[in-house]
Amino acid sequence: MKKTGAQLLCEGLIHHGGTKIFGIPGGAILPLYGTLSQYPELEHILVRHEQGASHAADGFSRATGKPGICFATSGPGATNLITGMATAMMDSSPMIAITGQVSRPGIGKDSFQEIDITGASLPVTKHNYLVMNASEIPQVVKEAFYIATTGRPGPVLIDIPRDVFMEEVEFDSSYWKEEIEILGYNPPKFANNTQVDKAVKLIEKSNRPVILAGHGVIISHAYDELLKLAESVQIPVVTTLLGISSFPENHVLSLSFPGMHGVAWASLALDQADLVIAIGSRFDDRITGDTSRFATKSKKIHIDIDPAEINKNIEVDVPLIGNVKDVLNQLLPKLKPKTHIDWINHIDKLKSDHPSLKIKKTDDLIGQYVVKSLSDETKGQSVIVTGVGQHQMWAAQHYMYCSQNSWISSGGLGTMGFEVPAALGAKVGCPDKMVWSIAGDGGFQMTLSELATIVENNIKVKFALLNNNHLGMITQWQEMFFDEDYYANAYTANPDFVKLANAYGMKALSVDNNEDVRPAIREANAHDGPFLIDFKIKKEENVFPMIPSGQSVNELVEESIDGN
């Protein structure tokens, strides 16, 4: 049977479960859009900007564990995907990006809307393809999904010339049933048994162990294994920023997250531990600070699927290279139950001595109170999506994440503008879950055009906009490290966000006092549709605790609360 390249691509997407697509058409990719109507299984959501398409695909991926899919045309359409692909690459999020390219005769001739997107995207994709014949598409699609979702996940780009979409070739549909195998690509599954035994001995000897749980726990769905490890050997758990929601924060062994803006007791516990078990974490600089002074009293076990991460930032004693879930299942049967009462009591004292999450009493509306109120009103059960900045840190600190995989944020790249389209994608992926985007007014304005997409498709995302008319984290750093030399940090012409939301057809409220916070959240929760609350928070409110960049826990700065 003869099929066009566009038909082969659509059938490949369907075969691999890629039925939700975020994109915008353009000349080079129009033959693919002209084929979508033949495949009702594919639901295309028309976004307002290609960056929104890539972030929405990323949010979908993180919420579901399935690869998100985005479409863009050639030239500027393709380059607009790069920030989203880089965000996904840094945070190991699987994504399939499909771009149109100028027709084959025009490649390399500076044709209209031509760009070498495979070359431009090479640093921000796990792999990419330029498909020069329609007959290659089935194999490329198979490989793309396999590469994106196995090993350490990441984005894969497929660039297809316009005439290849229209080219007809013979195709046997039984091909989709064949298994895929890529020579030289064999992601590890189980760790070396000798190394596992070494890890067991270190755990048995340890009196002050700490688990550092990263994004790899979430990616490999190792929630139960992590919980069993923590409970059976009584090991406290700190999470990385992206590891938040890998371990229930209402659990007695949960210590929240450490590092630059993590809670003080989590950072101190890592510093005072005699064993750190890093699981699916890359020892990010926001956790380690000065690597020469990071957790110097401890032995270190590092579980990771990516061999390149071992000893990259921190030297470890026992590397366990393999899939987190599988490696934990190697470890667990070999471990004997153990208690660490003295260590747990010591950490309780650290919590008492360093009350990092205490919110000061003030008549001013502050972001911390808004987030804590949202946590209480949703009972820690909502999916929270953030951008980057002060609002992100308050959301990480003061929302109690009680359900699995309920935190979605840009960690590695730190992408402002992630919050609106990623929340859109997360809600499309999990329509039965409540999704709140906690946003700052700076990042919100970078991609707020996707409010139109949200309203048009009745995507029932709720927005808590922490609006202080400032780039809050920039202002904080200028205050603390640049002698209060405030420059390019304030917005003097922010729009009326309620009127803006209303203009898009979204219900919205403005809140400027503490008494109205919880009633507004309840109204948003009860509303059967998208909803925005513009919380007008105090302009100059810093995020604490803080370990200055490149420093260690010895330079920890804590906020003075109630004069103490």
Side-chain angles (χ1 to χ4, degrees), residues 47-56 58-59 80 83-84 87 365-368 370-371 374 382-396 399 407-411 413-427 435-456 459-476 488-512 517 520-521 524 530-539 541 543:
V47 297
R48 297 314 191 257
H49 192 283
E50 290 89 357
Q51 183 177 344
S54 58
H55 289 326
D58 192 355
N80 282 341
T83 297
T87 302
L365 182 58
I366 59 176
Q368 299 95 312
V370 173
V371 174
L374 181 60
S382 179
V383 174
I384 301 296
V385 185
T386 81
V388 173
Q390 286 185 321
H391 74 276
Q392 177 192 34
M393 295 297 100
W394 289 325
Y399 195 95
W407 161 260
I408 296 173
S409 190
S410 172
L413 196 64
T415 307
M416 292 178 67
F418 180 78
E419 54 267 63
V420 177
L424 180 167
K427 185 63 176 176
V435 175
W436 273 88
S437 172
I438 298 176
D441 55 303
F444 183 80
Q445 291 182 83
M446 292 183 175
T447 51
L448 62 77
S449 59
E450 300 308 335
L451 295 182
T453 309
I454 288 168
V455 172
E456 186 171 80
I459 300 168
K460 300 170 185 179
V461 177
K462 319 297 181 181
F463 290 94
L465 179 60
L466 304 187
N467 175 17
N468 60 5
N469 293 89
H470 277 68
L471 295 170
M473 194 63 84
I474 297 299
T475 302
Q476 177 169 340
N489 68 314
Y491 291 120
T492 58
N494 266 357
D496 182 326
F497 288 108
V498 171
K499 288 183 179 178
L500 182 68
N502 290 161
Y504 280 115
M506 180 182 294
K507 191 168 183 181
L509 290 174
S510 178
V511 173
D512 61 6
V517 169
I521 292 170
F531 200 108
L532 181 142
I533 308 174
D534 179 12
F535 291 105
K536 297 182 181 297
I537 64 172
K538 183 180 177 183
K539 284 185 170 60
E541 182 69 20
V543 179

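We number each residue from 1, following the sequence as shown. Values in this document were obtained by computation on a predicted structure and should not be read as measured data.
- In this structure, the side chains of I438 and W394 stay at 4.5 Å or more apart for every pair of heavy atoms.
- Under the side chain to side chain contact (heavy atoms under 4.5 Å, CB included) criterion, S510 pairs with V498, D534, K536, not counting sequence neighbours.
- Under a cut-off of 6.0 angstrom, the local environment of NZ in K499 is sparse, with at most 12 non-hydrogen atoms contributed by other residues, nucleotides or ligands.
- In this structure, I537 and G367 approach most closely via the heavy-atom pair CG2-N, 4.0 Å.
- Looking at heavy atoms from C-beta onward, F463 lies out of side-chain contact with F497 at the 4.5 angstrom threshold.
- The shortest side-chain heavy-atom distance between K427 and I454 does not fall under the 4.5 Å cut-off.
- Between Y491 and N467, the closest side-chain pair of non-hydrogen atoms is not below 4.5 Å.
- Among D58, T87, T83, the one residue that satisfies the side-chain hydrogen bond (donor to acceptor under 3.5 Å, both in side chains) test with T415 is T87.
- In this structure, E541 and Q368 have side chains that are in contact, with non-hydrogen atoms separated by less than 4.5 Å.
- Q392 and W407 get closest at one heavy-atom pair: O-CH2, 3.6 Å.
- Using a 4.5 Å heavy-atom threshold, the side chains of P495 and Q445 count as touching.
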Taking only distance into account, with no hydrogens and no angle test, what donor-acceptor pairs under 3.5 Å do side-chain atoms of residues 502-509 form with protein atoms, sequence neighbours excluded?
| from | atom 1 | to | atom 2 | distance (Å) |
| --- | --- | --- | --- | --- |
| N502 | ND2 | M506 | O | 2.9 |
| K507 | NZ | E523 | OE2 | 3.4 |

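- Counting heavy-atom neighbours within 6.0 Å of I474 CD1, excluding the residue itself, gives a total of 12 or less.
- Using a 4.5 Å heavy-atom threshold, the side chains of H470 and Q390 count as separate.
- In this structure, I408 and V435 have side chains that are not in contact, with every pair of non-hydrogen atoms separated by 4.5 Å or more.
- In plain terms, the two heavy atoms of A423 and S437 that are nearest each other are CB-CB, 3.8 Å.
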